2 protein chains.
Amino acid sequence: MSDDFADRIRSSGKRLTAQRELILRAVEALEHATPDEILTEVRKHSAAVNASTIYRNLEVLEELGLVRHAHLSDRAPTYHSVGEHEHFHIVCRDCHKVVSVDPDVVAPVARRLDDEFGFVADIGHLTVFGHCADCLPG
Amino acid sequence: MSDDFADRIRSSGKRLTAQRELILRAVEALEHATPDEILTEVRKHSAAVNASTIYRNLEVLEELGLVRHAHLSDRAPTYHSVGEHEHFHIVCRDCHKVVSVDPDVVAPVARRLDDEFGFVADIGHLTVFGHCADCLPG
DNA sequence: TTCCATGCAAACACTTTGCACCGTG
DNA sequence: CACGGTGCAAAGTGTTTGCATGGAA
């Protein structure tokens, strides 16, 4: 599995660095972490790493298909490893609770968008905002 | 219709100001405009208005249900007037084309999220990213 | 030994806030 | 004439970039 990672990096012409590995491990450990949270996590395990290195590598790791991001708030995006099975998110506007949902739930819509518009939806990036049962009036 | 606006504002205990009216008109005229674009539009019709006034009033107008916003890019949000019929957006990652889609298309999913999670989705805020027919490989 | 990657600091894009003055109700 | 709204400037948050140095291949 670390070998998968090493191969994936190298075969893209990029280099395997300590920082890259640390950042990927941090994303795997945290799930749904912002760049800042990832920075904090990385620093727990190793000496100082620069914030710009986090941003640059999250971009690289996403290009390589090793991590993904979603927008769960109006603030910073959150990253998660692709190892987890694909899912999308529903987020409550009031209590900010996040629930991961199986792609099957939106499959019919994806099909319809493809049929009607020739549009292929990126389900893994999808976030649906709304109100959860606990926060609904009444 | 301007009266609707005036009433709506006043009955909320807020005041009717020239800036508020200009900002609402700008949102109506532009559709899917960022705060900065709205600022530019407002300045075409009137003297200088401050950026902070734009932000403060977009928030107020949204609370009053007169405008809505969606996130169509990784940059600034875009605002549109509620006068338009409700819709959600699909956005192409490559060419950034935006298409407005009827809520009916996602109604089944909304129903399912409500049934399974007690979650009431905010369809008007929804943005689905993906790839349009023109930008698909093959 | 070649370039890609990193650290650092500055710049950047967008938004928010504190405070004095302005103007609606 | 009270209190909400505005302009202005400064600060805040999140992200990007230029450049010199460092290290993987």
Side-chain angles (χ1 to χ4, degrees), chain A residues 2-3 5-27 32-43 45-64 66-67 69-79, chain B residues 2-3 5-24 26-27 32-43 45-64 66-67 69-79 96:
Chain A
S2 346
D3 287 335
F5 170 52
D7 291 348
R8 197 93 165 240
I9 292 264
R10 291 209 193 83
S11 64
S12 73
K14 304 203 180 291
R15 292 172 184 177
L16 182 57
T17 66
Q19 288 89 334
R20 262 178 199 158
E21 191 141 15
L22 284 163
I23 290 166
L24 181 57
R25 297 296 165 247
V27 172
H32 300 155
T34 62
D36 199 59
E37 290 164 343
I38 292 165
L39 179 57
T40 301
E41 175 72 13
V42 166
R43 283 181 173 165
H45 298 282
S46 168
V49 171
N50 200 268
S52 58
T53 300
I54 302 285
Y55 287 107
R56 287 194 270 233
N57 278 321
L58 286 173
E59 195 176 333
V60 168
L61 294 174
E62 189 151 30
E63 279 170 15
L64 297 180
L66 296 167
V67 306
H69 81 275
H71 301 274
L72 303 184
S73 77
D74 283 345
R75 299 242 164 238
T78 62
Y79 288 78
Chain B
S2 342
D3 286 335
F5 171 52
D7 292 349
R8 197 91 166 239
I9 292 265
R10 290 207 195 86
S11 64
S12 72
K14 304 205 180 288
R15 291 173 185 177
L16 183 56
T17 65
Q19 289 90 334
R20 264 178 198 158
E21 191 140 15
L22 284 163
I23 290 166
L24 180 57
V27 172
H32 302 154
T34 61
D36 198 59
E37 290 165 342
I38 294 164
L39 179 58
T40 301
E41 175 71 13
V42 166
R43 284 182 173 163
H45 298 281
S46 168
V49 170
N50 199 268
S52 58
T53 300
I54 301 286
Y55 287 107
R56 288 193 269 233
N57 278 321
L58 285 173
E59 196 177 334
V60 168
L61 294 174
E62 188 150 30
E63 278 168 16
L64 297 181
L66 295 167
V67 307
H69 80 275
H71 301 274
L72 303 184
S73 77
D74 283 345
R75 300 244 163 238
T78 61
Y79 288 78
H96 306 111

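Here is how names work: the chains are called A, B, and so on, in the same order as the sequence lines, proteins then strands, and each is numbered from 1. Here the structure is a predicted model, which is why all the values come from computation and not from measurement. What's counted below: heavy atoms across the whole structure, side chains too, no hydrogens, waters or symmetry copies.
- Residues A/Arg8 and A/Ser12 bring no donor and acceptor atom of their side chains to less than 3.5 Å of each other.
- We find that CG of A/Leu22 is positioned 10 Å from P of C/dG7, with the value rounded to whole Å.
- Phosphate contact (OP1/OP2 of C/dT6, side-chain N/O of A/Asn57, threshold under 4.0 Å): present.
- Rounded to an integer number of Å, the gap from B/Asp74 CG to C/dT15 C1' is 17 Å.
- Atom CG of B/Asn50 and atom C1' of C/dT15 are 12 Å apart (whole Å).
- Looking at every heavy atom in both residues, B/Thr78 comes nearest to B/Thr34 through CG2-CG2, 4.1 Å.
- Contact check, A/Tyr55 against D/dT16: no side-chain N or O comes under 4.0 Å of OP1 or OP2.
- In terms of phosphate contacts, B/Ser52 brings no side-chain nitrogen or oxygen within less than 4.0 Å of OP1 or OP2 of C/dT16.
- At C/dG23, none of the side-chain N or O atoms of B/Gln19 fall inside 4.0 Å of OP1 or OP2 (strictly under the cut-off).
- Atom-to-atom, CD1 of A/Ile38 to P of D/dG14 comes out at 13 Å; the value is rounded to the nearest Å.
- Side chains of B/Lys14 and B/Glu63 form a contact here, defined as non-hydrogen atoms less than 4.5 Å apart.
- Atoms CG (A/Asp36) and C1' (D/dG12) sit 13 Å apart, rounded to a whole Å.
- Counting to the nearest Å, the C1' atom of C/dC22 and the CZ atom of B/Arg20 are 14 Å from each other.
- Within a 6.0 Å sphere centred on CD of B/Glu59, other residues, nucleotides and ligands contribute 12 heavy atoms or fewer.
- Across the protein-nucleic acid pair, B/Ile9 atom CD1 and D/dG4 atom C1' stand 12 Å apart, rounded to whole Å.
- Side-chain nitrogen and oxygen atoms of B/Arg10 include at least one within less than 4.0 Å of the OP1 or OP2 phosphate oxygen of C/dG25.
- Between the CZ atom of B/Arg15 and the P atom of C/dT24 there is a distance of 9 Å, given to the nearest Å.
- Within the 4.0 angstrom heavy-atom criterion, only backbone atoms of the sugar-phosphate kind lie near A/Ala48; the bases stay farther away.
- Minimum interatomic distance between B/Glu21 and B/Phe5 (heavy atoms only, all atoms of both residues): CA-CE2, 3.6 Å.
- For A/Lys14, the listed nucleotide lying nearest its side chain is C/dA5; candidates were D/dT6, C/dC8, C/dA5.
- Among the nucleotides D/dC19, D/dT13, D/dT6, the one closest to the side chain of A/Arg75 is D/dT13.
- Under 4.0 angstrom from either OP1 or OP2 of C/dT16 there lies no side-chain N or O belonging to B/Arg56.
- The residue among B/Val49 and B/Gly13 whose nearest nucleotide of DNA chain D is located toward the 5' end is B/Gly13.
- The side chain of B/Pro35 approaches C/dT15 more closely than any other nucleotide in the set C/dT15, C/dT6, C/dT17.
- Side-chain N/O atoms of A/Thr17 include none lying less than 4.0 angstrom from OP1 or OP2 on D/dA24.
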